[in-house]
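Whatever order the structure lists ligands and atoms in, that order sets their numbers, starting from 1. The basis for the numbers below is simple: all heavy atoms, side chains too, and nothing from hydrogens, waters or symmetry mates.
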Amino acid sequence: MLPINRQQQIVDILNQEGIVYISDLSRKFNVSEMTIHRDLAHLETEGYLRKVRGGAVPVPQPPSLRSQGAAPESCFMCQMTPRSQTQMTLNLTEGGVKRACCPHCGLHGMQMMSGKIVSALVTDFLRGNIINAQSAIYLVEPDITVCCTPTVLAFQRKDDAARFQAGFGGQLMGMIATLDHLSRAMQINPAKHQHHGK
Ligand SMILES: [Zn+2]
Ligand SMILES: [Zn+2]
């Protein structure tokens, strides 16, 4: 397994369980504790978690907002500064990361660069934790505009997404259906593709 895949799974496990232990992860992935230690150190540098004795816990805020003083990286699609509750990151096959302001831009970027992306992470709109883009549930075109339009919001839990949908409308979809929907919406009415509700 590639380190990036293992690290992605560690982030997923951490978000599900709230804490991870180096000894458990080393058994689960069948690698040395030193390897897990390095994975956690890397993920901590990237801002995905905080190391504690023997393991790691989630960080309440995703990377860009925590690094105060440093200029936050702008969205690679629309140049907007990513917001903590909506930002999305794409990990590229040749290494490096693209940051998007919200799933609208991030999923478009994924389509444009298909084949060049190893994995993608989105931020849960309600809880602010970082989740795998493939397993997230998306609320597409709710009645409110958050960041770009058509607005797309990501959730880890179906019940959170459903509650949000009950209040704000829109459709719930998996990642593939959301990608489909976005590309169709763009073809029918390109003018509808707007950033930040301008
Ligand atoms: Zn954007
Ligand atoms: Zn956006």
Side-chain angles (χ1 to χ4, degrees), residues 8 11 15 46-48 59-68 70-157 160-161 164-165 167-198:
Q8 167 118 42
V11 171
N15 284 326
E46 299 277 302
Y48 289 120
V59 285
Q61 285 178 314
S64 73
L65 288 194
R66 291 186 323 115
S67 48
Q68 283 169 2
E73 226 180 305
S74 56
C75 173
F76 76 105
M77 296 288 285
C78 74
Q79 271 65 52
M80 174 77 176
T81 301
R83 303 166 186 215
S84 61
Q85 290 300 102
T86 57
Q87 70 166 317
M88 175 163 180
T89 53
L90 307 179
N91 296 308
L92 307 180
T93 43
E94 69 252 33
V97 171
K98 294 268 186 206
R99 215 173 285 286
C101 57
C102 65
H104 169 107
C105 280
L107 293 172
H108 267 295
M110 268 179 93
Q111 260 174 338
M112 282 171 42
M113 301 195 299
S114 64
K116 290 190 189 161
I117 293 170
V118 190
S119 60
L121 298 169
V122 290
T123 310
D124 183 297
F125 184 65
L126 271 187
R127 296 167 191 267
N129 51 342
I130 291 160
I131 52 179
N132 190 330
Q134 272 169 357
S135 56
I137 297 147
Y138 297 91
L139 181 62
V140 181
E141 299 198 55
D143 298 336
I144 50 160
T145 297
V146 180
C147 208
C148 307
T149 52
T151 292
V152 180
L153 302 173
F155 298 89
Q156 179 175 25
R157 293 167 49 154
D160 284 345
F164 212 85
Q165 184 192 30
F168 297 97
Q171 293 178 63
L172 295 181
M173 300 181 195
M175 187 182 81
I176 302 297
T178 305
L179 284 167
D180 263 20
H181 182 93
L182 282 177
S183 56
R184 246 178 297 128
M186 294 306 119
Q187 276 159 18
I188 295 165
N189 186 0
K192 227 182 147 189
H193 177 85
Q194 278 179 358
H195 293 292
H196 328 301
K198 268 181 234 153

N/O/S atom of His104 inside 2.8 Å of the Zn ion (ligand 2), strictly under: no
Near the Zn ion (ligand 2), is there an N/O/S atom from Cys78 that is less than 2.8 Å away? no
Within the stated cut-off of 2.8 Å, is an N/O/S atom of Cys148 closer than that to the Zn ion (ligand 2)? yes
Distance-only polar pair, side chains of Thr123 and Gln87, donor-acceptor under 3.5 Å: no
How about Cys101: does one of its N, O or S atoms come closer than 2.8 Å to the Zn ion (ligand 1)? yes
Considering all heavy atoms of both residues, which atom of Leu126 and which atom of Gln85 are nearest to each other, and what is their separation? O-NE2, 3.8 Å
For the pair Thr93 (side chain) and Val118 (backbone), establish whether a donor and an acceptor sit closer than 3.5 Å, ignoring hydrogens and angles. no
Are the side chain of Glu141 and the backbone of Gly170 linked by a donor-acceptor contact shorter than 3.5 Å? no
Flag Cys105 as yes if one of its N/O/S atoms falls below 2.8 Å of the Zn ion (ligand 1), otherwise no. yes
Parallel, tilted or perpendicular, judged at 30° and 60°: which one describes the rings of Phe155 and Phe164? tilted
